[in-house]
Amino acid sequence: MKFKAPRGTYDILPSESWKWQHLTDVFRRTAALFGFEEIVTPVLEQSDLFERSSGESSDIVQKEMYRFQDRKGRTLALRPEGTAPVVRSFCEHHLDAAARLTRLYYIGPMFRYDRPQAGRYRQFYQYGVELIGSHNPYYDAEIIAFECAFLQNLGFNDYELHINSVGCPCCVPDYEAALSAYFQPLKDELCEDCQTRLIKNPRRILDCKIAHCRDLSRSAPVILDHLDEDCRQHFSEVKSYLDNIGIAYTIDPRIVRGLDYYTHTAFEFIYPALGAQNTIAGGGRYNGLIEQVGGRSIPAVGIAGGFERLLLALERQSADLGSRPALDITLITIGETAQKMAPQLIHYLRQTGCSTIWDPEKPSLKAAFKAADAQKSRYAYIIGDDEIAQLKITRKDMIAGTQDQIDWPDSSL
RNA sequence: GUGGAUGUAGUUCAAUGGCAGAGCACCGGAUUGUGGUUCCGGGCGUUGUGGGUUCGAGUCCCAUCAUCCACCCCA
């Protein structure tokens, strides 16, 4: 075997692809229910779009982005996430001119140069929805409600919803100062990573998985106590909207989103049984992003989820994913005359909407029926000299095993 | 980028340093007009790749690639 799919990428084979179709079908249906319309953007973007939006210091930009020069020396990147491209397109095409609020969804591959692991790939598939144009906390709740509806439509209920407010540029500096002040005296007790976090990004200490660091952060200052009035008010309204529509959530002050553009509400949908990579969807409000990308200051909120992890979770739960599509008819011919008539018959059957296959080689009948089995054909249509003489088709029900005769569909055939 | 485990037939796995095998799947036949059961028959695969040690390497050593798991990070 000479060629292999590149590291961290994989093929979705026919034995699996129908499941993906199911996921995307349910996603599109749910998105439509919420009034979202699809937007498709290129897989390639100018790399500074991501550098500017995600933050120069973010891991995505620092070490995970596929970045290269094209033949004219332009620096392009394979998109590592979906929101920045959507926002770029939104600004470029002035989508806000048409409506006060823009509701968009997308589906597509994303790329991050990461070490592959359970539920983590270099090319992976995400879906996302974005509500652009309002700072109203109702929409934060609506995005969360959308994700809940999507998961529910897939028959998936075993997830946890964690929400937090990450503050805004007005209150974050104050909070980070308080955090540093708290951890500084405990510095020597922190793990090595957390000691550097203390200097670079103290909030990440709260996310550490080392037991002792967790113990230390238990009584650390909480962002929610340091929110300014506006953020506090916003968060409390989001919660009351959620309460209102009966969505259960856990307030998790440790949620720190990986991208710099998030403000106010942040949320994650988690399925703990997935192992280390257990976040199936994450999102939040990004009021500063659109301005950073070059547009006016426009508030927005959105969420993105990973199809791989969703599928892993659904399979773990043995959720109903539908079934691999079956074929209506396998046509089996016996003898030269039937052989000659088959193409016209199969053409006719397909035109009437019956999925039909026929093998022009002449396998043994046994092999022909086995093939019909392998394709999960509902019926086998058999034509041979006997049938042709009587203008009949022998129709075998492949599930019941019974057999009867039907008229040729059109006597002119 | 760091650490650990693992790479043998389509697949799941065997093979005290001494002739590369089995189950399942697949193909053919028993049944030249009938599948899913049964019976019989069908396996030369660069043992991931490249070096090394050895009379001899699937087995030991080194490198490399890939997969899995964890760190990191996130979807």
Side-chain angles (χ1 to χ4, degrees), chain A residues 1-10 13 15 54 57-65 79-83 107-128 147 159 191-194 196-197 201 204 207-210 255-259 262 266-271 274-283 302-313 330 332-335 338 362-388 394-403:
Chain A
M1 190 80 53
K2 197 160 184 205
F3 294 108
K4 286 185 187 172
R7 174 155 216 215
T9 69
Y10 58 96
L13 303 174
S15 55
S54 301
S57 69
S58 67
D59 276 22
I60 286 184
V61 170
Q62 284 288 308
K63 48 183 200 186
E64 295 174 6
M65 203 156 70
R79 63 181 178 200
E81 59 106 20
T83 300
I107 290 180
M110 305 295 162
F111 304 83
R112 291 183 201 174
Y113 191 88
D114 228 354
R115 187 102 169 235
Q117 190 185 330
R120 190 168 75 187
Y121 301 91
R122 290 186 172 176
Q123 174 173 344
F124 58 101
Y125 295 85
Q126 275 194 338
Y127 59 88
E147 182 68 17
Y159 57 83
C191 73
E192 216 172 292
D193 285 340
C194 282
T196 58
R197 286 176 185 136
N201 189 350
R204 290 234 171 267
D207 217 17
C208 186
K209 273 140 196 148
I210 309 268
I255 292 182
V256 183
R257 307 254 67 235
L259 306 174
Y262 286 104
F267 35 83
E268 288 184 356
F269 285 75
I270 292 169
Y271 182 60
L274 281 189
Q277 312 299 323
N278 60 11
T279 304
I280 57 176
I303 191 169
F307 280 117
E308 288 83 359
R309 292 181 188 177
L310 190 52
L311 189 54
L312 283 172
T330 294
I332 297 173
T333 52
I334 303 159
K362 284 168 260 175
S364 67
L365 265 194
K366 181 194 177 84
F369 274 95
K370 278 192 146 181
D373 248 355
Q375 293 282 345
K376 296 216 163 51
S377 276
R378 186 67 186 80
Y379 295 101
Y381 279 16
I382 303 122
I383 53 173
D385 294 341
D386 299 350
E387 284 81 2
I388 290 163
T394 300
R395 177 178 67 177
K396 177 156 184 175
D397 182 320
M398 294 298 286
I399 295 168
T402 55
Q403 186 164 299

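Values in this document were obtained by computation on a predicted structure and should not be read as measured data.
- The aromatic rings of A:Phe269 and A:Phe267 stand perpendicular to each other, their planes meeting at an angle above 60°, with 30° marking the opposite boundary.
- Using a 4.0 Å cut-off, some side-chain N or O of A:Gln117 falls inside it from OP1 or OP2 of B:A70.
- Between the side chain of A:Arg120 and the base of B:C73, a donor-acceptor pair under 3.5 Å is found.
- Set against B:C74, B:C69, B:C72, the side chain of A:Lys63 has B:C72 as its closest nucleotide.
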Point to revise | A:Gln403/A:Thr394 under side chain to side chain contact (heavy atoms under 4.5 Å, CB included): CA gap, chis, key distance, verdict | key: CA-CA 7 Å; A:Gln403 186 164 299; A:Thr394 300; 3.4 Å; yes
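- The stacking criteria are not both satisfied for A:Phe307 over the base of B:A75, which would need a centre-to-centre distance under 5.5 angstrom and an angle between ring planes under 30 degrees.
- As judged by a 4.0 angstrom heavy-atom cut-off over every strand, A:Ile382 is placed among the base-contacting residues.
- For A:Gln403 against B:G33, no side-chain N or O and base N or O form a donor-acceptor pair under 3.5 Å.
- When heavy atoms are screened at a 4.0 angstrom cut-off, A:Leu311 is found touching no nucleic acid atom at all.
- In this structure, the CZ atom of A:Phe124 is 7 Å from the P atom of B:A75, given to the nearest Å.
- Across all strands shown, B:C60 forms a Watson-Crick or G-U wobble pair with B:G52, both key distances being under 3.5 Å.
- In this model, a side-chain donor or acceptor of A:Lys396 finds a partner on the base of B:U34 within 3.5 Å.
- A donor and an acceptor atom, one from each side chain of A:Tyr10 and A:Glu308, are located under 3.5 Å apart.
- Base pairing of B:U16: no nucleotide in any strand meets the Watson-Crick or G-U wobble criterion (both distances under 3.5 Å).
- Residue side chain A:Glu81 does not reach the base of B:C74 through any donor-acceptor N/O pair under 3.5 Å, judged by distance alone.
- Look at CD on A:Glu64: it is 12 Å from P on B:G1, rounded to the nearest Å.
- Between A:Glu147 and A:Tyr127, the side chains place a donor N or O and an acceptor N or O closer than 3.5 Å (distance only, hydrogens not considered).
- For A:Gln126, whose side chain is taken as the heavy atoms from C-beta onward, the closest listed nucleotide among B:A75, B:C73, B:C71 is B:A75.
- A:Gly401 comes within contact range of at least one nucleobase, with a heavy-atom separation under 4.0 Å.
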